Amino acid sequence: MRILFVASEALPFSKTGGLADVVEALPKALVARGHEVAVILPRYRGTKTTAIVMPSLTIPLGNRLRFPAVADGTLLNGVRYFFVDDPQYFDREGLYGGPQGDYWDNAERYSEFCKAAIEIAKHVWPADIIHCHDWQTALVPVFLRTSYSDDPVMKDMPVVFTIHNMGYQGQFAKDVLDRAGIPQATFTPTGIEFYGNVNFLKAGIVYSDYVTTVSKRYAQEIQTAEYGYGLDGVARGRGDRLVGILNGVDYAAWNPAKDQYLAAKFSAKDLTGKLACKQDLFKVFGLPDVPGRPLLGIVSRFADQKGFDLIAEVAHEIMREDLSLVVLGTGERRYEDLFRALASAYPDRAAAKIAYDNAIAHKVEAGADMFLMPSRYEPCGLNQIYSLKYGTVPIVRATGGLDDTIEPFDLEHGTGTGFKFWDYSGGALLYTIRQALHHFADERIWKRIQLNGMTKDYSWKTPAAEYVALYDAARAARGLTQPARNQMPVATSK
Ligand code: ADP
Ligand code: GLC
């Protein structure tokens, strides 16, 4: 099958969160299964490209025309990459915004991106299925079913749309319809309209052939008022076409036996290197290493979603325990302040790096004893799955993918991979941390928990197969039972 990914970020080119990990790894896993995959991304600042595929597309946005180029077209790990190159829109400091907040013209930026992606599918890389991700790409199915309704091939191009986070919807005032070149006819309660505004994510859910989200639990949760961010009714309306597929992990990048960022490598067979990683981590964070004292780690975007208000609620009770804490993250000011304050209140046991740093993220995964993720909601969550492989025992709230991936430790049967709590309260978090500390004190039990997690397989193999089955279903739903179309050569000129 020829599978075309459209996404607003992907490693190794751009990243603000787990979406970028997924859009790097899933295409590789699909290629490994014998499919052809291309990924379309915006060309953000710093993205190096090697060729021009098309010097200019003509993209109508309201009463204006824009002329982005299509760059690159080269293969990386068997995956073909195309970049929509419009410097005025994408050659900026951030991806979605800067220090002042979201860019004011995001609707136009990503509308142009979606239109360009369709043109690439039409003229450069004919696909059997388009797989879109999050609100930034949600207009692809909207345009296919409206602006392209006279195009015999594109009008029935099947689209699978993956929601990575219901909390980010791309909502704009009605006047963006015109500026972003979105057909007025879509502005209805069953279309893109949402309480008088334009809502990109809603449109993606409504117009796609299948909608997926990144864990089975979250697929149920988004159909409830508590987790649906106002779109639970819309999600329920697509209930028969809404599927949860758990993210996998790219073990080429996240594996303690091969990880280049670590002071020492280790594996389930031989855990000794983990101690050197812990000592290294203390050094990186400038904390004294007290042998035997448990070390909790956090790596995260600092957003409300991540449950740090629970930590704020019981921070001093947590720090009253005999433990150390290292935190790596950036984001909302109040959480940065929280962790800075903890570091200055407990200078020999708590440290925070307010930064985005991939090398240190790996070091935390490897060197910590426990990984803390008390999320309010978590569509999938990758760090807890990385933690399992590194023998770093996750302490999580039972929501979304955290609930699907972490099994609570059961002393009687010796089963389970971590510790989890249900109630969204500081008390429940504290209780669960204490539970973990209690078991940490028994080396034999702790090793059991570590090995239970380290031997789990959360590779992309199974989810990739689930996506392929869904791509087939989406094609069948559009009456497309023909085998994949012949390859068309990619035109590149230096
Ligand atoms: P989300 O996408 O909601 O942020 P995920 O757990 O799915 O949550 O993915 C987060 C990804 O971003 C992981 O790969 C994690 O290691 C990485 N990450 C988050 N914050 C940082 C940071 N401050 N420095 C380095 N990597 C980070
Ligand atoms: C989102 C979610 C996170 C998920 C990631 C990749 O950023 O917040 O839970 O793991 O997307 O799907």
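Every number for a ligand or one of its atoms is a count from 1 in the order of the listing. Treat the numbers as computed from the prediction; the structure is a model and nothing was measured.
Judged by the 6.0 Å and 45° rule, K353 forms a cation-pi pair with F285. In this structure, R92 satisfies the cation-pi test against Y103, with its NZ or CZ atom closer than 6.0 Å to the six-membered ring centre and inside 45 degrees of the ring normal. The cationic group of K115 lies under 6.0 Å from the six-membered ring centre of F143 and within 45° of the ring axis, placing it in a cation-pi geometry.
A salt bridge links R340 to D337: at least one charged side-chain nitrogen sits closer than 4.0 Å to a carboxylate oxygen.
Among the atoms of N165, some N or O lies under 3.5 angstrom from an N or O of ligand 2. Where the criterion is an N or O separation shorter than 3.5 Å, residue side chain and backbone included, G17 fails it with respect to ligand 1. Checked by distance only, ligand 1 and T16 stay at 3.5 Å or farther apart across all their nitrogen or oxygen atoms. By the 3.5 Å distance cut-off applied to N or O atoms, M373 is not counted among the residues near ligand 1. Taking any N or O of T330, backbone or side chain, none lies under 3.5 Å from an N or O belonging to ligand 1. In terms of polar-atom proximity, L19 is not counted as a contact of ligand 1, lacking any N or O under 3.5 Å from an N or O of the ligand. Looking at ligand 2, you won't find any N or O of V214 less than 3.5 Å from one of its N or O atoms. By the 3.5 Å distance cut-off applied to N or O atoms, G18 is not counted among the residues near ligand 2.
Residue contacts with ligand 2 include G381, since one of its heavy atoms falls under 4.0 Å from the ligand.
Contacts between D21 and ligand 1, counted as non-hydrogen atom pairs separated by less than 4.0 Å, involve the side chain only. Here K306 has side-chain heavy atoms under 4.0 Å from ligand 1, and that is the only part of it that gets that close. Of all the heavy atoms of K15, the ones lying under 4.0 Å from any atom of ligand 1 belong exclusively to the side chain. Heavy atoms of D21 found under 4.0 angstrom from ligand 2: none, in either backbone or side chain. In V22, the part holding a heavy atom less than 4.0 Å from any atom of ligand 2 is the side chain. Of all the heavy atoms of S300, the ones lying under 4.0 Å from any atom of ligand 1 belong exclusively to the backbone.
Considering Y168, Y356, Y377 only, the shortest heavy-atom separation from atom 27 (C) of ligand 1 involves Y356.
When hydrogens are left out, the protein atom nearest atom 8 (O) of ligand 2 is Q305 NE2, 3.0 Å; that is the closest non-hydrogen contact. Counting only heavy atoms of the protein, atom 1 (C) of ligand 2 lies nearest to H164 O, 3.1 Å. E378 OE2, 3.4 Å is the protein heavy atom nearest to atom 3 (C) of ligand 2.
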What donor-acceptor contacts under 3.5 angstrom involve side-chain atoms of residues 20-30, with partners at least two apart or in another chain?
{"residue": "D21", "atom": "OD1", "partner": "K15", "partner atom": "NZ", "Å": "2.7"}
{"residue": "D21", "atom": "OD2", "partner": "K15", "partner atom": "NZ", "Å": "3.2"}
{"residue": "D21", "atom": "OD2", "partner": "Y386", "partner atom": "OH", "Å": "2.6"}
{"residue": "K28", "atom": "NZ", "partner": "D250", "partner atom": "OD2", "Å": "3.0"}

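If you run side chain to side chain contact (heavy atoms under 4.5 Å, CB included) between H133 and each of T162, I163, V214, T212, only T162 comes through.
Residue pairs that meet the ring pair (Phe, Tyr, Trp, His ring centres under 6.0 Å) test with at least one member in residues 7-38, sequence neighbours left out, are F13-Y81, F13-F83.
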